[in-house]
There are 2 protein chains.
Amino acid sequence: MLKISELAAKTGLSAHTIRFYEKHDLIRASERSEAGYRYYNDSDIRRAEFVKTARNIGFSLEDISQLLSIRVDKTSHSCQEVTDITQHKLDEVNEKLSELESMQNTLQILLKSCCGGPEKATHCSIIEALDAGAVVKNRSAA
Amino acid sequence: MLKISELAAKTGLSAHTIRFYEKHDLIRASERSEAGYRYYNDSDIRRAEFVKTARNIGFSLEDISQLLSIRVDKTSHSCQEVTDITQHKLDEVNEKLSELESMQNTLQILLKSCCGGPEKATHCSIIEALDAGAVVKNRSAA
DNA sequence: TATAAGCTTAGAGCTGACTCTAAGGTCAAC
DNA sequence: GTTGACCTTAGAGTCAGCTCTAAGCTTATA
């Protein structure tokens, strides 16, 4: 049985965050001391680590909530539900990736165009490009 | 001279957003009608388009604020200041890109591992992987 | 002249994921 | 028995960038 600070040390989450996750039903403390202190048993700890892993991968708290409800009652859910959540997340990631790649591209072009020196910015090609509408299609579907 | 809704149409920003940007000193209406209506002259319009372009590229409002102050007084600023802002943004973008690539990678691996069918999730390999701590180093330096 | 569309403001609300505060109770060590 | 670290709660604050609301003027059109 771990106390909250011990679970925090074990998972790398802060005690604040653990309480916050509890509010959102992601992490549970099966027991409480008489004084109200949270105590985490092995099952709670595994659940907390599941949450941490999913969070590390990039799932939202809402996604994790769904994954958890599948995890606790696997027979009532299908693999498809799990892959749907995962695929949806992957789609999001891919979308953000292409936005960021576009930004990267534009920024690199801008940087190449400018001397970057101590010269006055009177003819700075970055400022000029922005003035001219140096648009590469970003943020299209943010 | 454009009214706010006309500037909105021209830039693709909403009137709400234009007012919001004005609050943050990004966009200006040089004139006001007697009734208080905003009127944008050519210089205001160019400034608004500069803002829109910078925003499209992915610069934060704070970045844009700095870029604008360079733009309005180029002789007091150097190209280096401009490239510093741009390089800093590129660094940010690169960092996010590598996080997202890592997520993409993990999600793809998870998806490949699971049948995704209507089977009960009893042995779902995604859930199992999350339980086992399927960590690929994401979010390390978010 | 009446109606509708458009404009004004200050300020609140939204998103997601924390992060912190205040005010107080508990516990272990010395 | 007292210090100090740790725990509790509800609720507020943070970030960025909008987005919307309410209440009331103004302007253009029919």
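All chains are named by letter (A, B, ...) in the order of the sequence lines, taking the proteins before the strands, and each is independently numbered beginning at 1.
Rounded to an integer number of Å, the gap from A:E62 CD to C:dG16 C1' is 11 Å. In this structure, CD1 of B:I18 is placed 16 Å from C1' of D:dC20, rounded to the nearest angstrom. Atom CG of A:L26 is separated from atom C1' of C:dG16 by 13 Å (rounded to the nearest Å). Between A:R55 atom CZ and C:dA17 atom P the separation is 5 Å, expressed in whole Å. For the pair A:E31 CD and D:dC7 C1', the computed distance is 17 Å after rounding to whole Å. The nearest whole Å value for the distance from the NZ atom in A:K96 to the P atom in C:dG16 is 11 Å. Residue A:N56 contributes atom CG, which lies 15 Å from atom C1' of C:dC18 at whole-angstrom precision. The CG-P distance, from B:D63 to D:dA16, rounds to 11 Å in whole Å.
How far CD of B:E101 is from OG1 of B:T106: 11.5 Å, rounded to the nearest 0.5 Å. One distance of note links CD of A:Q87 with CG of B:L110; it measures 11.5 Å at 0.5 Å rounding. Rounded to the nearest 0.5 Å, atoms NZ (B:K74) and OG (B:S69) are 12.5 Å apart.
The number of heavy-atom neighbours closer than 6.0 Å to NE2 of A:H123, taken from other residues, nucleotides and ligands shown, is 12 or below.
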Exercise. Could you run down nucleotides 6-12 of chain C 5' to 3' and tag each one B, S or - for protein heavy-atom contact under 4.0 Å?
Worked result: BSBB---

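Contact annotation: B:Y21 does not reach the phosphate of D:dG17 (side-chain N/O to OP1 or OP2, under 4.0 Å).
For A:E34 and A:S14, each mapped to the nucleotide of DNA chain C holding its nearest heavy atom, the one lying further toward the 5' end belongs to A:S14.
Cluster annotation: A:L7 is not connected to A:M1 through the hydrophobic network of ILVMFWY side chains, with a link wherever side-chain heavy atoms come within less than 4.5 Å.
A ring-centre distance under 6.0 Å is not found for A:F20 and A:H16.
Nucleic acid contact for B:S60: sugar-phosphate only, since backbone atoms but no base atoms lie under 4.0 Å from a heavy atom of the residue.
Of the candidates A:Y40, A:Y39, A:Y37, A:Y40 is the only one forming a side chain to side chain contact (heavy atoms under 4.5 Å, CB included) with A:I4.
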